[in-house]
Amino acid sequence: MLAVRDTRDRDAFGALFDHFAPRLKGFIMRTGSSAHNAEEIVQDVMLTVWRKAHMFDPHRAQVSAWVYQIARNRQIDIARKYNRPIPDELAEDPGSEPDASQILAVEQETGKLKQALSTLKPEQREIIEKAYLGELTHQEISDQTGLPLGTIKSRIRLGLDRLRHELKAMRQ
């Protein structure tokens with residue numbers, strides 16, 4: 001590991017890979033991952049070992065502890081990525097049709113939202129439409145309009161605040 005860290009020695013890395021790859025794969029598979037996923041994780045871990053070799057400190061940990069910690073962290077990242085809760089829209093049965101009352105409620109809410117949007121200043125409405133209807137990031141809006149990022153964020157915040165008040169007033 002020190003040769004990899006200090007001189008980026010490819011042969012030493014090859015030896016590290018040959019030593020740790022099968023052990024990591026077994027370790028990862030014992031925690032419930034498939035063989036394919038385990039191989040992907042091992043590749044990722046060993047690439048991280050190569051890229052972050054400069055961070056290894058033999059006074060803080062043994063090589064095996066350092067490598068296994070990287071593997072454990074990668075497994076946690078993957079578990080978090082794939083164990084996200086399913087959004088309500090996706091959890092519904094795709095074959096179920098909305099009934100007439102649901103359609104009417106959505107149409108009424110849409111009408112109220114359009115009415116509230118029409119009360120905004122044109123520059124606020126344009127930015128909010130780009131952000132929420134156009135699904136652009138703040139940076140993309142800034143690039144498109146040439147406005148500073150802070151201005152974009154301020155217009156969105158002020159516009160949403162105004163929309164919130166308008167919609168609240170319409171419901172009362």
Side-chain angles (χ1 to χ4, degrees), residues 5 8 24 27-28 31-34 36-57 60-61 66-172:
R5 182 190 74 181
R8 308 292 287 166
L24 285 172
F27 169 74
I28 293 166
T31 60
S33 292
S34 68
H36 175 73
N37 286 343
E39 287 174 9
E40 294 279 329
I41 292 170
V42 168
Q43 291 292 326
D44 220 22
V45 168
M46 295 310 294
L47 183 59
T48 301
V49 167
W50 175 257
R51 287 182 179 160
K52 297 191 176 189
H54 66 279
M55 297 174 75
F56 174 69
D57 182 359
R60 293 183 65 201
W66 188 68
V67 171
Y68 278 91
Q69 185 63 45
I70 293 170
R72 182 179 169 280
N73 291 344
R74 182 66 183 128
Q75 274 189 289
I76 290 169
D77 291 344
I78 289 172
R80 286 180 180 154
K81 179 179 177 182
Y82 292 111
N83 289 335
R84 290 185 177 158
I86 298 173
D88 292 338
E89 298 84 25
L90 296 177
E92 292 177 11
D93 178 19
S96 65
E97 296 277 329
D99 64 16
S101 65
Q102 289 173 322
I103 293 170
L104 181 61
V106 168
E107 287 177 357
Q108 287 174 344
E109 287 294 315
T110 302
K112 288 178 184 176
L113 182 58
K114 284 181 181 177
Q115 185 180 351
L117 277 168
S118 70
T119 66
L120 294 178
K121 294 177 182 175
E123 59 271 6
Q124 286 177 340
R125 183 176 58 248
E126 176 191 2
I127 300 298
I128 287 177
E129 287 175 349
K130 287 179 185 276
Y132 292 96
L133 302 177
E135 297 182 1
L136 298 175
T137 66
H138 294 174
Q139 186 61 53
E140 289 169 337
I141 296 169
S142 176
D143 293 342
Q144 248 185 27
T145 61
L147 295 170
L149 193 57
T151 302
I152 300 297
K153 291 179 180 185
S154 294
R155 287 185 182 173
I156 290 174
R157 183 180 51 79
L158 294 170
L160 289 177
D161 193 43
R162 176 100 187 260
L163 276 177
R164 197 174 300 115
H165 290 295
E166 289 292 326
L167 290 170
K168 187 177 179 181
M170 287 179 191
R171 288 191 178 114
Q172 293 174 351

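Because the structure is a prediction, the values reported are computed rather than measured. Atoms considered below: every heavy atom in the structure, side chains included; atoms not considered: hydrogens, waters and symmetry mates.
Of all the heavy atoms in Leu120 and Arg162, the pair that sits closest is CD2-CG, 3.4 Å. Scanning both residues, Pro148 and Ser142, for their nearest heavy atoms gives C-OG, 4.0 Å. Nearest heavy-atom pair across Glu126 and Thr145 is OE2-CG2, 4.4 Å. Contact between Ala71 and Val45 at its shortest, heavy atoms only, is CA-CG2, 3.5 Å. Residues Ala116 and Glu166 come closest through the heavy atom pair CB-CB, 3.9 Å.
Scored by the side-chain contact (heavy atoms from CB on, under 4.5 Å) test, Glu123 finds Lys121, Arg155 as partners (sequence neighbours excluded).
The structure places NZ of Lys153 at 8.5 Å from CD of Gln139, a figure rounded to the nearest 0.5 Å. The distance from the CG atom of Leu113 to the CE atom of Met170 is 8.5 Å, given to the nearest 0.5 Å. Distance CD1/Ile127 to CG/Leu136: 9.5 Å, rounded to 0.5 Å. For the atom pair Asp143 CG and Leu149 CG, the distance stands at 9.0 Å (nearest 0.5 Å). Arg74 contributes atom CZ, which lies 13.5 Å from atom CG of Leu24 (distance to the nearest 0.5 angstrom). Taken to the nearest 0.5 Å, the CG atom of Leu147 stands 4.5 Å off from the CD1 atom of Ile152.
Taking the side chain as every heavy atom from C-beta outward, Tyr132 and Leu160 approach each other to under 4.5 Å. In this structure the side chain of Trp66 never reaches within 4.5 angstrom of the side chain of Asp57, judged on heavy atoms. Taking 4.5 Å as the limit, some side-chain heavy atom of Asp161 sits within range of a side-chain heavy atom of Arg164. Taking the side chain as every heavy atom from C-beta outward, Glu40 and His36 approach each other to under 4.5 Å.
Each of Gln144, Glu140, His138 was checked for a side-chain hydrogen bond (donor to acceptor under 3.5 Å, both in side chains) with Lys130, and the lone residue meeting it is Gln144.
Because its NZ or CZ atom is both nearer than 6.0 Å to the ring centre of Trp50 and within 45° of the ring axis, Arg8 counts as a cation-pi partner of that residue.
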